Amino acid sequence: AAVAPTDALHLSSLSVPRIIDVAQKAKLFCSYEMGNRTLNSVKWYKDGQEFFRYSPLTPPTTNWFPVKGVTIADGSSHCNQFICNVELEKLNVHSSGQYRCEVSGDAPEFKLIDKSANMTVGVLPKFDPFITGIRHSYKYRDVLLANCSSEWSSPAARLTWYMNNKTAPQSSLQPQINEITRNIEGFPLYASNLQLRVLIDDQRFISKSEVLELRCSADIMALSNLRRESRVRTTILALKDNGYNQRFTENGAC
């Protein structure tokens with residue numbers, strides 16, 4: 001593999017939150033290596049519109065430009081020959097988009113390098129999903145009905161049921177229902193509901209009682225750090241405890 005020359009201009013990293021709660025501040029980080037070049041400028045863009053510029057060779061070294069959905073927190077910008085970081089506050093429904101860091105070297109080439117990443121501003125749930133409808137115990141041939149509901153969020157949560165740590169079969173699930181409303185900031189908010197319906201017809205419950213653990217997870221944009229879960233336990237009672245075997249034999253169905 002070809003090794004980049006040490007004097008090459010190189011944008012080493014860009015860090016932009018994939019998703020962030022509207023109440024938080026978004027930290028944007030950009031780091032670069034100038035090689036043997038002089039830094040001319042670092043520019044930050046949202047959806048192609050420049051909102052911040054650091055130009056050490058031409059005072060004022062930092063400039064801000066009005067862009068819808070972008071408010072730079074006072075005193076938050078920190079730029080030098082290696083990094084240029086800014087923090088956005090007062091996020092709103094217009095703050096989602098593509099953020100780009102562009103670094104340029106000085107004359108005569110004014111060589112440009114850039115990287116971009118998408119950020120979604122949303123309303124993230126503060127609580128775990130809510131499980132309802134589970135009885136303390138069930139027996140063979142009972143129907144178990146359980147509901148899992150997520151808190152209002154934007155974007156919508158994707159709910160998944162697990163039974164003893166295995167994903168519940170698709171045939172036992174009703175289609176997920178997403179209620180929708182809007183909050184005062186204009187975000188579409190979704191409350192999701194997923195129903196589990198299981199006929200307890202496994203023959204093993206005829207002779208053996210077992211604890212069944214049910215778990216419901218709520219995922220947003222499939223990001224593991226945003227996953228929230230709830231679990232409940234119930235007991236499936238063995239039929240031998242209530243005279244079923246005896247009836248089986250009397251009916252000649254041994």
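Given the structure is predicted, the values throughout are model-derived calculations rather than measurements.
Under the 4.5 Å side-chain criterion, counting only non-hydrogen atoms from C-beta, Val143 is not in contact with Val198. A 4.5 Å side-chain heavy-atom check between Leu28 and Pro17 finds at least one atom pair inside the cut-off. Side-chain contact between Phe65 and Arg53 is present, with at least one heavy-atom pair separated by less than 4.5 Å. In this structure, the side chains of Ile131 and Leu214 stay at 4.5 Å or more apart for every pair of heavy atoms. Inter-residue side-chain proximity for Ile236 and Asp202 is flagged as unmet; no heavy-atom pair is nearer than 4.5 Å. Looking at heavy atoms from C-beta onward, Thr181 lies out of side-chain contact with Asn183 at the 4.5 angstrom threshold.
Applying the side chain to side chain contact (heavy atoms under 4.5 Å, CB included) criterion to Ile83, with sequence neighbours excluded, gives Ser31, His78, Asn80, Asn85. Contacts of Ser96 classified as side chain to side chain contact (heavy atoms under 4.5 Å, CB included), with partners at least two apart in sequence or in another chain: Thr120, Val121. Taking Asn147 as the reference, nothing meets the side chain to side chain donor-acceptor pair (under 3.5 Å) condition, with sequence neighbours excluded. Applying the side chain to side chain contact (heavy atoms under 4.5 Å, CB included) criterion to Gln176, with sequence neighbours excluded, gives Leu159, Asn178, Ser192, Leu194. Scored by the side chain to side chain donor-acceptor pair (under 3.5 Å) test, Arg197 finds no partners at all (sequence neighbours excluded). Residues meeting the side chain to side chain donor-acceptor pair (under 3.5 Å) test with Lys208, sequence neighbours left out: Glu210. Applying the side chain to side chain donor-acceptor pair (under 3.5 Å) rule to Lys27 yields the partners Glu87; only residues at least two apart in sequence or on another chain are considered. With sequence neighbours left out, the side chain to side chain contact (heavy atoms under 4.5 Å, CB included) criterion links Asn118 to Gln98.
For the disulfide (SG to SG under 2.5 Å) condition, the pairs that include at least one residue of residues 89-173, sequence neighbours left out, are Cys30-Cys101, Cys148-Cys216. Counting only residues at least two apart or on different chains, the side-chain hydrogen bond (donor to acceptor under 3.5 Å, both in side chains) pairs with a member in residues 149-163 are Ser149-Asn193. Within the structure, salt bridge (Lys or Arg N to Asp or Glu O under 4.0 Å) pairs that include any residue of residues 119-129 comprise Asp128-Arg228 (at least two apart or interchain).
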Walk me through whether Leu57 and Thr38 qualify under side chain to side chain contact (heavy atoms under 4.5 Å, CB included).
CA-CA 9 Å; Leu57 307 176; Thr38 306; 4.2 Å; yes
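In this structure, NZ on Lys43 lies 5.5 Å from CD on Glu102, to the nearest 0.5 angstrom. Rounded to the nearest 0.5 angstrom, Lys46 NZ and Ser116 OG are separated by 13.0 Å.
Residues Ile19, Leu124, Met221, Leu223, Leu226 make up the rest of the hydrophobic cluster containing Ile220, defined by ILVMFWY side-chain heavy atoms closer than 4.5 Å, directly or through other members.
More than 12 heavy atoms of other residues, nucleotides or ligands sit less than 6.0 Å from atom CG of Asp201.
Of the residues Ile134, Val232, Asn164, the one that meets the side-chain contact (heavy atoms from CB on, under 4.5 Å) test with Leu212 is Asn164.
Shown here for Cys79 and Phe52, the closest heavy-atom pair between the two residues is SG-CE2, 3.7 Å.
When atom types are taken as modelled, the side chain of Lys115 and the backbone of Leu11 share a donor-acceptor pair closer than 3.5 angstrom.
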